[in-house]
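Here is the structure we will look at.
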Amino acid sequence: MTATVEIQNLSHRFDDFTALSDINLTIDAGSFAVLLGPSGCGKTTLLSVLGGFISPTQGRVLLNGEDVTHVEPAKRATTTMFQDYALFPHMTLLANVGFGLRMRGQTRRARNDRAMEMLTLVGLESSANKKPHELSGGQRQRVALARALAVDPDVLLLDEPLGALDLKLRRQMQDELKAIQRRVGTTFIHVTHDQEEAMAIANDIVVMNAGHVEDTGSPESIYLSPKTLFSATFMGETNVLPGRVTTINEAQVMIDTSLGPVSTFRKSDVNGDIVVGDTVQVCFRPEHVHINHPATENLQSLGKATITDHAFFGSHQRCQLLAADNQHYTAHLPQTSPVPRDADVGLMVDRGSIVLLKKTR
Amino acid sequence: MPGQRLKSIGVWCYAIVLYGFIFLPVGVLVLFSFQDGRLPIMPFKGPTLKWYEAVLSDSRLMDSMINSLLVALSSSVVAVFLGFLAAYGLARSYLPAKGFQRALLTAPLTVSYLIIALGLLIMFNALGVASSLWTIGIGHVVINTPLCFAIMYSQMGDHQITIERAAHDLGASDFQTLWLITAPMMMPSILASFFLSVTFSWDEFIIAFLLSRFDVTLPVEIWGMLRSGLNPKTNAAGSLVFLISVGLLILAELLVFRKVKKQ
């Protein structure tokens, strides 16, 4: 089963600390949503509110249109996969996975059949009679997933479940989670502070910061056209060049910056509220920076720069460039491109990939 | 090298003296329970099992042993039950003056058994409750509940909170969580406090002495025997008490500590 999750005007305070402020969010049925943000941004609190472990100070949570704001966890169509797995240490895997069904009054045979089916789904059918302490971290993880899915919840809440695993296992589990989510169709809401993990698994990413939602959208839209500076810098790396809008015409926006005039293509959908005279941030990703490239219509020159640092990263070369405004900019250059150290190079950026953000906060 | 050697001799001597100090009294007691003579004093003559025969055929002694077992087992069950609920309540819910309540619950540990026994005696007299095995049992619950509480409270870790949450999340009621998740998870400390409580009750004398009348427990009966002078029969009774205590210890080791190691 699956459900749409709607969060309306949600706020929560712990004593005098505001953990969540006025959150409005809709997560489509059957999607894999990721709440992404630095620690302390309120993402885990939001997950606890969705799971019913915290009653919010204000606002509503709707599952398939039904208000469940103050329904206790046991009576909610959500289950949680906890950060430390929270397996029952004295029970076999079969009993662990079957526990939710036992609480729903199913017969031993019915729940064992279902538990076995879930253990097969996560590839642990041969360990059904083991106890949790006999398993590795990744296996416990899978049992926790099977246990949470066994009761066929509408929404599965995952509280940084991959945090304790090593990188290789984490990648593998990300793929598995995604595959399992596609198979069962349940709405997954996953909390993480790791933006790569978010991009690896999510259909929808909700970027959170200091208790409010900064940005929502697909991984591509958040990465390529972030709505706030926080979103741009948290989702991957970005270079920020402050400037002031001088001219706007149908096709282009002209900005006066410390590296001279910059013109970008006007994107009416995202730049709709920018007017002449606004202070803006010109943001561009390191992979959109080029050096010593012949000038073309699509490249914007940012003057001369010096490469001060350079490292080989396998898939690309990462360089620090000192530009005319005495600021450092990061570039990811192709694997094999020549990198002249301590020589002046022409700094260019893809005009189409520049994101203009109005300075708000 | 000679220094090393001297040191190791010293260590050995220390160990022998230490263990001798702890176990010699018990050893002597057990040894002279096999004494073939009327007095449990040097020189040792024997061995003989006739004193054990005398103990086992002494119906008063055997009755008191059964009384002791009854009181020890039932008072421990009650003490563990009360201690567990108190520990759970204090560890898992928001209570006013939590620290003070915890101190209040463990305070009886620091009060001497004599004072507790006197208090109970005065109270039972005032209430018109006649001394019996019941009153001894109540006395033992009073002294063992704080102990059971302290042991179990110390083992109620925060990591179990998430596990209990998971049970709630999967649809378990509070009672189901307590019965199916918390209690089994706490089993090592539940058993540990149970066995400790049984052992304490089994050889407790002062409360049992002051709060008993016709039916007495084994320590009180042995004390009665001692009043008529030393006798190898007393040694045999003492040895049996010791044997049962050792039995409990081994049982606890097998049931509790094996389990802990496995997890």
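To find a chain, count down the sequence lines: A is the first, B the second, and so on, and within it residues start at 1.
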Q. Pick from A/Thr80, A/Val151, A/Thr78: which one has the most heavy-atom pairs with chain B under 4.5 Å?
A.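 Ranked by heavy-atom pairs under 4.5 Å with chain B, first place is A/Thr80.
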Q: Return yes if some donor-acceptor pair links the side-chain N/O of A/His90 with the main-chain N/O of B/Leu180 below 3.5 Å, else return no.
A: yes
**Q.** Exam field: side chain A/Arg76 to backbone B/Asp169, donor-acceptor pair closer than 3.5 Å
**A.** no
Q) Is it the backbone or the side chain of A/Leu87 that comes under 4.5 Å from a heavy atom of chain B, or both, or neither? A)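 Only the backbone of A/Leu87 comes within 4.5 Å of chain B.
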Q. Where on A/Met91 is there a heavy atom nearer than 4.5 Å to chain B: the side chain, the backbone, both, or neither?
A. side chain
Q) Taking B/Arg165, B/Gln160, B/Gln176 one by one, which has the highest count of heavy-atom pairs under 4.5 Å against chain A? A)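 Most heavy-atom pairs under 4.5 Å with chain A: B/Arg165.
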If every non-hydrogen atom of [X] is compared with every non-hydrogen atom of [Y], which pair is closest and at what distance?
X	Y	value
A/Ala86	B/Thr162	CB-O, 3.7 Å
A/Met103	B/Leu170	CB-O, 3.8 Å
A/Arg147	B/Ala166	NH2-CB, 3.4 Å

Q: Taking atom CD of A/Glu66 as the centre, report whether more than 12 heavy atoms of other residues, nucleotides or ligands fall under 6.0 Å from it.
A: no
Q) Residue by residue, which of residues 178-193 of chain A have a heavy atom closer than 4.5 Å to a heavy atom belonging to chain B? A) none
Q. Residue by residue, which of residues 41-60 of chain A have a heavy atom closer than 4.5 Å to a heavy atom belonging to chain B?
A.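 Heavy-atom contacts from residues 41-60 of chain A to chain B are A/Gly51, A/Phe53.
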